Amino acid sequence: MRKEKRISLYKKIWCKIRYWQNLKDISDSELAAYLNVGERTLHEYDKSAKNITLEKIDNFLYVNDMELADLLSL
């Protein structure tokens with residue numbers, strides 16, 4: 001059984017989204033619109049991204065004309 005700590009996939013994806021936001025100088029309100037969520041939800045994802053859905057990630061990728069591989073390679 002593995003005992004080492006690992007970063008979960010949803011946390012990795014959320015960190016990459018926040019990193020992309022910082023690189024592009026996008027406001028929280030714009031990011032919320034890309035994900036089709038409220039700004040408050042963004043702050044909930046900051047605490048724990050386990051509730052981010054594939055639908056929200058897909059919205060983000062579609063609006064920004066990105067593939068998941070593009071996001072993960074940032």
Side-chain angles (χ1 to χ4, degrees):
M1 180 167 213
R2 289 187 163 173
K3 298 211 180 218
E4 61 189 61
K5 276 281 216 186
R6 72 177 189 88
I7 298 174
S8 61
L9 182 58
Y10 55 82
K11 190 169 190 170
K12 271 185 199 173
I13 291 172
W14 181 244
C15 288
K16 293 289 189 172
I17 290 172
R18 281 296 202 182
Y19 179 64
W20 175 89
Q21 177 190 18
N22 191 294
L23 287 176
K24 300 290 185 179
D25 197 28
I26 302 293
S27 70
D28 277 357
S29 61
E30 288 176 284
L31 180 59
Y34 293 157
L35 291 165
N36 200 26
V37 299
E39 282 185 62
R40 185 174 177 187
T41 303
L42 297 181
H43 302 292
E44 292 300 318
Y45 290 160
D46 288 337
K47 293 176 191 171
S48 175
K50 68 180 179 181
N51 291 327
I52 194 166
T53 64
L54 290 174
E55 178 186 18
K56 301 304 179 196
I57 295 167
D58 188 56
N59 286 342
F60 172 83
L61 295 172
Y62 179 76
V63 168
N64 292 292
D65 194 30
M66 294 173 73
E67 295 290 326
L68 184 58
D70 300 331
L71 180 64
L72 294 177
S73 68
L74 289 176

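Quantities reported herein were computed from a predicted structural model and do not represent experimental measurements.
Here the closest non-hydrogen pair linking Gly38 and Ala32 is C-CB, 3.9 Å.
Sorted by first and then second residue, the side-chain hydrogen bond (donor to acceptor under 3.5 Å, both in side chains) pairs involving residues 59-71 (not counting sequence neighbours) form an empty list. Within the structure, side-chain hydrogen bond (donor to acceptor under 3.5 Å, both in side chains) contacts touching residues 35-44 (residues at least two apart or in different chains) do not occur. Sorted pairs that involve residues 48-59 and meet salt bridge (charged side-chain N to carboxylate O under 4.0 Å, His left out), not counting sequence neighbours, are lacking altogether.
Shown here are the salt bridge (charged side-chain N to carboxylate O under 4.0 Å, His left out) partners of Asp28, two or more places apart in sequence or in another chain: Arg18. Every side-chain contact (heavy atoms from CB on, under 4.5 Å) that Lys11 has, sequence neighbours left out, goes to Ile7, Ser8, Cys15. Under the side-chain hydrogen bond (donor to acceptor under 3.5 Å, both in side chains) criterion, Trp20 pairs with no residue at all, not counting sequence neighbours. Applying the ring pair (Phe, Tyr, Trp, His ring centres under 6.0 Å) rule to Tyr45 yields the partners Trp14; only residues at least two apart in sequence or on another chain are considered. Partners of Ser73 according to the side-chain contact (heavy atoms from CB on, under 4.5 Å) rule, which considers only residues two or more places apart in sequence or in another chain, do not exist here.
Once rounded to the nearest 0.5 Å, the distance linking CG of Leu71 with CE of Met66 reads 4.5 Å. If you take CG on Leu72 and NZ on Lys12, they are separated by 8.5 Å, rounding to the nearest 0.5 Å.
Note on Leu42: it does not cluster hydrophobically with Leu54, by side-chain heavy-atom contacts below 4.5 Å among ILVMFWY residues.
Proximity of Tyr34 to Gln21: side-chain heavy atoms (C-beta onward) are nowhere separated by under 4.5 Å.
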Original post:
Does the side-chain contact (heavy atoms from CB on, under 4.5 Å) test come out yes or no for Ile57 and Leu35, once each step is laid out?
Top reply: CA-CA 7 Å; Ile57 295 167; Leu35 291 165; 5.6 Å; no
